[in-house]
Engineer: 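Sharing a structure, written as structure tokens. Questions coming.
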Amino acid sequence: MKVAELFHLHGQMSDSFRAAVFIILSGGFQDAYTYFCRGEVFANAQTGNIVFLSTALFQKDWPNVVKYLIPVVSFLIGTAAAELIHIRFKTYEKIHWRQIILFCEIVFLLVVGFLPAYFEPLANAMVSFVCAMQVQAFHKVRGHAYASTMCIGNMRSGTEALCAYFRTRDKEILQKSLTYFGVIFVFGIGAGLGSLMSGLLGTKAIWCCCVSLLVSFVMMFVPEKNG
């Protein structure tokens, strides 16, 4: 049976919470890593970078304008790259296009771990690029839209679903709410591990994300059974 048919019949493992856990862990880890190891830049939270960018711009602090502009632009390019991979490989039968994204992420983050401190702008650019690819490729868990690299949308959706549950007592809506809060919890664990490992391993701590993403990559070879 072809890979495309297998995924069609059984559903994508990328949509399961089990596979998403390791992707979400990596998302939280990346943000903590770039903040603690790469000059207090957010890899994922581009809102924070835009705030710092705008502040630097109004203060005419040009070095910081460049510092925070780099991850923002890299995020945009990463989003476009992920979409191009999706278009080019969405019907590819030997491997799922999302696994190609994961493989690219692993390679980029592996390189980041080798970059010394004076290559900080490049490191931040590469991590933001990876983050954007991840956001673009993995945006559903258990059929619900979510973000694996940031929390504000998940917080809103989880709280909205929880309010709906108290109104309807629908257990499916409760499960939806718990899924979102589970994502936030896992992200927090990833961020905590990121700060801890950054202190222990320095710039090479990002390789922990490579391991986490590799687990998801392998898990996606196993189709998720429906029902």
Engineer: With ILVMFWY side chains joined below 4.5 Å, transitively, what does Leu76's cluster contain besides itself?
Structural biologist: none
Engineer: Would you list the pairs meeting salt bridge (charged side-chain N to carboxylate O under 4.0 Å, His left out) in which at least one residue belongs to residues 145-173, sequence neighbours left out?
Structural biologist: Arg156-Glu160
Engineer: Could you label the plane-to-plane angle of the Phe129 and Phe108 rings as parallel, tilted or perpendicular, counting under 30° as parallel and over 60° as perpendicular?
Structural biologist: parallel
Engineer: Give, for atom CG of Leu69 and atom CG of Leu53, the distance between the pair rounded to the nearest 0.5 Å.
Structural biologist: 5.5 Å
Engineer: Can you find a pair of side-chain heavy atoms, one from Asn49 and one from Phe75, that are under 4.5 Å apart?
Structural biologist: no
Engineer: Quick one: does Tyr118's side chain get under 4.5 Å of Glu120's, heavy atoms only?
Structural biologist: no
Engineer: Okay, side chain of Ser54, backbone of Val51: is any donor-acceptor separation there less than 3.5 Å?
Structural biologist: no
Engineer: How close do Ser195 and Ala32 get, counting heavy atoms only, and between which atoms?
Structural biologist: N-CB, 3.6 Å
Engineer: Has Leu110 got more than 12 heavy atoms of other residues, nucleotides or ligands less than 6.0 Å from its CG?
Structural biologist: yes
Engineer: Is the distance between the ring centroids of Trp207 and Phe114 under 6.0 Å?
Structural biologist: yes
Engineer: Are Pro116 and Phe119 packed together at the side-chain level, in the sense that at least one heavy-atom pair is separated by less than 4.5 angstrom?
Structural biologist: yes
Engineer: Judged by atom type as modelled, is there a donor-acceptor pair below 3.5 Å linking the side chain of Gln134 to the main-chain atoms of Ile23?
Structural biologist: yes
Engineer: State the CD-CG distance between Glu40 and Asn124, to the nearest 0.5 angstrom.
Structural biologist: 11.0 Å
Engineer: Measure the shortest side-chain to side-chain distance between Asn154 and Phe187 over non-hydrogen atoms and say whether it is less than 4.5 angstrom.
Structural biologist: no
Engineer: Hey, can you tell me if Trp97 and His86 have their rings parallel, tilted or perpendicular (30° and 60° cut-offs)?
Structural biologist: parallel
Engineer: Is a donor on one side and an acceptor on the other found under 3.5 Å between the side chain of Lys67 and the backbone of Gly39?
Structural biologist: yes
Engineer: Does Val130 share a hydrophobic cluster with Val107, counting links as ILVMFWY side-chain heavy atoms below 4.5 Å and allowing steps through other members?
Structural biologist: yes
Engineer: Assess whether side chain to side chain contact (heavy atoms under 4.5 Å, CB included) is satisfied between Phe29 and Cys208, documenting all intermediate values.
Structural biologist: CA-CA 8 Å; Phe29 197 111; Cys208 296; 3.7 Å; yes
Engineer: Given side chain to side chain contact (heavy atoms under 4.5 Å, CB included), test Ile87 with Glu83 step by step and report yes or no.
Structural biologist: CA-CA 6 Å; Ile87 294 169; Glu83 186 59 19; 4.0 Å; yes
Engineer: Side chains of Thr34 and Gln30 only: does a donor on one sit below 3.5 Å from an acceptor on the other?
Structural biologist: no
Engineer: Minimum heavy-atom separation for Gly158 to Ser177, with atom names?
Structural biologist: O-OG, 2.9 Å
Engineer: Are Leu200 and Tyr33 connected, step by step, through hydrophobic side chains (Ile, Leu, Val, Met, Phe, Trp, Tyr) whose heavy atoms are closer than 4.5 Å?
Structural biologist: yes
Engineer: With rounding to the nearest 0.5 Å, note down the distance linking NZ in Lys204 to SG in Cys210.
Structural biologist: 12.5 Å
Engineer: Go through the steps for Ser128 and Gln46 under the test side chain to side chain contact (heavy atoms under 4.5 Å, CB included), then give the verdict.
Structural biologist: CA-CA 9 Å; Ser128 290; Gln46 298 305 322; 3.7 Å; yes
Engineer: According to a 4.5 Å side-chain heavy-atom criterion applied to Ile, Leu, Val, Met, Phe, Trp and Tyr, with indirect links allowed, do Val72 and Val112 form part of one hydrophobic cluster?
Structural biologist: no
Engineer: Consider only side-chain heavy atoms of I, L, V, M, F, W and Y, link residues closer than 4.5 Å, and tell whether Ile106 and Ile100 are in one cluster.
Structural biologist: yes
Engineer: About how many Å separate CD1 of Ile184 and CD1 of Ile152, when rounded to the nearest 0.5 Å?
Structural biologist: 10.5 Å
Engineer: Going by ring pair (Phe, Tyr, Trp, His ring centres under 6.0 Å), name the residues that satisfy it together with Tyr165, two or more places apart in sequence or in a different chain.
Structural biologist: none
Engineer: Measure the spacing between CG of Asp31 and OG of Ser26 and express it to the nearest 0.5 Å.
Structural biologist: 10.5 Å
Engineer: In chain order, what residues pass the ring pair (Phe, Tyr, Trp, His ring centres under 6.0 Å) check against His139, with sequence neighbours excluded?
Structural biologist: none
Engineer: Is it possible for you to say whether Val21 and Val211 belong to one hydrophobic cluster, with membership spreading through side-chain heavy-atom contacts below 4.5 Å?
Structural biologist: no
Engineer: To check you understand the geometry: which heavy-atom pair defines the closest contact between Ile173 and Ala161, and what is its length?
Structural biologist: CG2-O, 3.0 Å
Engineer: Side chain to side chain contact (heavy atoms under 4.5 Å, CB included) for Val135 and Cys131? Distances and angles first, verdict last.
Structural biologist: CA-CA 6 Å; Val135 170; Cys131 164; 4.2 Å; yes
Engineer: For the residue pair Arg38 and Leu115, establish whether any side-chain heavy-atom pair is separated by less than 4.5 Å.
Structural biologist: yes
Engineer: Hey, can you pull the donor-acceptor pairs under 3.5 Å for the side chains in residues 57-65, sequence neighbours left out?
Structural biologist:
{"from": "Asp61", "atom 1": "OD2", "to": "Asn64", "atom 2": "ND2", "distance (Å)": "2.7"}

Engineer: Would you say the side chain of Glu105 lies within less than 4.5 Å of the side chain of Ile101, judging by non-hydrogen atoms?
Structural biologist: yes
Engineer: About how many Å separate CE of Met133 and OG1 of Thr79, when rounded to the nearest 0.5 Å?
Structural biologist: 9.5 Å
Engineer: Is any side-chain heavy atom of Phe22 less than 4.5 Å from a side-chain heavy atom of Phe217?
Structural biologist: no
Engineer: Can you name the residues that form a ring pair (Phe, Tyr, Trp, His ring centres under 6.0 Å) with Tyr35, not counting sequence neighbours?
Structural biologist: Phe42
Engineer: Closer than 3.5 angstrom, by distance alone: can the side chain of Ser198 be matched with the main-chain N or O of Cys37 as a donor-acceptor pair?
Structural biologist: no
Engineer: Between Leu213 and Phe103, is any pair of side-chain heavy atoms under 4.5 Å apart?
Structural biologist: no
